[in-house]
Every structure is written in C-alpha cells, then in structure tokens.
Amino acid sequence: MKIRYFYSPAIFFTQPKLFVLTEDRVLYSESRDFSVTQIDQVEVKSFVDFNPKEHESEDYPILLEISSTEANEISETLHSNWIHGYLLQKGISFPRSLQA
C-alpha cells in the first residue's frame with residue numbers, strides 16, 4: 001500500500017502535526033493534549049489527486065507534503081510513535097532510523 005506524508009507547522013498551536021495518507025484514501029493524524037489522544041481521520045476523494053489545500057484548517061493553515069525520511073525524522077522529534085503503530089495496524093512497515 002502506498003503512503004504519502006504531510007506536515008503542518010506550528011503556527012497557532014505549540015506543536016506541529018504530522019498526517020499520513022494511505023492508498024485506501026484515509027488521511028489520519030494523532031496528537032496529544034494533556035494525555036488525551038485526539039484522532040483526526042477523514043476519507044479523501046483521491047490518493048493520487050489529493051489536494052492538501054482542501055484539508056487545511058484554522059488551527060493548521062498549512063499542509064505540506066514531505067518525504068518518508070522527513071516524516072521519520074519529525075516523528076522522532078515529536079515522539080509521534082503513533083505513525084509506526086498506525087501503519088503496522090494497516091499492514092505497512094514504517095522505516096525507522098538505525099540506532100548507533
């Protein structure tokens with residue numbers, strides 16, 4: 001299954017946000033606020049013709065496509081272990097950086 005990654009920088013919130021778009025047309029993200037997990041999940045029209053502008057919000061007004069390498073680096077910086085678990089649940093492996 002193909003995957004696309006998107007990043008929304010912290011403009012109106014203190015933390016940036018990562019999104020994962022899978023080939024089954026599900027745009028997914030998780031975030032934590034005071035130990036409460038917030039899940040954002042929406043079915044989009046097309047995986048290939050996905051338009052990030054249509055999914056920007058007042059809270060996160062910019063949505064940029066990034067590479068899997070960048071998503072991995074940002075995930076580790078944000079401690080966003082949800083990406084690995086979410087993709088495993090869908091039967092997809094998420095590339096992890098090697099430890100020294």
Side-chain angles (χ1 to χ4, degrees):
M1 184 179 292
K2 294 179 184 176
I3 310 164
R4 294 172 69 184
Y5 302 94
F6 296 88
Y7 173 75
S8 188
I11 295 176
F12 298 114
F13 276 83
T14 57
Q15 284 196 346
K17 197 167 187 178
L18 285 172
F19 293 84
V20 175
L21 176 62
T22 48
E23 200 171 18
D24 60 358
R25 299 183 353 245
V26 174
L27 181 65
Y28 185 90
S29 182
E30 283 185 20
S31 58
R32 286 189 181 263
D33 189 20
F34 300 107
S35 299
V36 175
T37 301
Q38 171 71 37
I39 295 175
D40 296 313
Q41 181 174 346
V42 63
E43 188 170 327
V44 299
K45 296 176 190 173
S46 171
F47 175 81
V48 175
D49 296 325
F50 175 73
N51 182 357
K53 294 261 182 234
E54 293 176 1
H55 297 278
E56 294 172 346
S57 67
E58 285 183 22
D59 297 335
Y60 292 96
I62 299 172
L63 193 58
L64 307 168
E65 186 160 10
I66 59 174
S67 69
S68 62
T69 303
E70 291 171 307
N72 190 28
E73 291 170 3
I74 293 169
S75 175
E76 290 177 358
T77 302
L78 295 176
H79 304 289
S80 299
N81 296 331
W82 67 263
I83 293 177
H84 180 67
Y86 176 71
L87 294 178
L88 278 177
Q89 179 184 0
K90 288 194 163 264
I92 307 167
S93 64
F94 181 61
R96 307 291 266 172
S97 34
L98 300 174
Q99 300 294 322

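- In this structure, the side chain of S8 engages the main chain of I62 through a donor-acceptor pair within 3.5 Å.
- With sequence neighbours left out, the side chain to side chain donor-acceptor pair (under 3.5 Å) criterion links T22 to D24.
- Under the rule for a side chain to side chain donor-acceptor pair (under 3.5 Å), Q89 has no partner lying at least two apart in sequence or in another chain.
- Residue pairs meeting the salt bridge (charged side-chain N to carboxylate O under 4.0 Å, His left out) criterion with at least one partner in residues 61-74, sequence neighbours excluded, are R4-E65.
- Interatomic distance, CH2 of W82 versus OG of S29, reported as 4.5 Å (0.5 Å rounding).
- Under the rule for a side chain to side chain contact (heavy atoms under 4.5 Å, CB included), the partners of E56 that lie at least two apart in sequence or sit in another chain are K53, L63.
- With sequence neighbours left out, the side chain to side chain donor-acceptor pair (under 3.5 Å) criterion links Y7 to no other residue.
- Here CZ of F19 is found 10.5 Å from CD1 of I83. Values are rounded to the nearest 0.5 Å.
- Partners of D59 under the side chain to side chain donor-acceptor pair (under 3.5 Å) rule, at least two apart in sequence or in another chain, do not exist in this structure.
- If you take NE2 on H84 and CG on N72, they are separated by 10.5 Å, rounding to the nearest 0.5 Å.
- Under a hydrophobic clustering in which Ile, Leu, Val, Met, Phe, Trp and Tyr are joined whenever their side-chain heavy atoms come within less than 4.5 Å, directly or via other members, I92 and F6 fall into different clusters.
- For the side chain to side chain contact (heavy atoms under 4.5 Å, CB included) test, residues two or more places apart in sequence or in another chain that qualify with V44 are L21, R25, L27, V42, F50, H55.
- Inter-residue side-chain proximity for I11 and P61 is flagged as met; some heavy-atom pair is nearer than 4.5 Å.
- Considering only residues two or more places apart in sequence or on other chains, E58 meets the side chain to side chain contact (heavy atoms under 4.5 Å, CB included) condition with none of them.
- Of the residues listed (D40, I39, L18), the one engaging Y28 in a side-chain contact (heavy atoms from CB on, under 4.5 Å) is I39, and it is the only one.
- F47 and Y5 are not part of a single hydrophobic cluster, where members link through side-chain heavy atoms under 4.5 Å apart.
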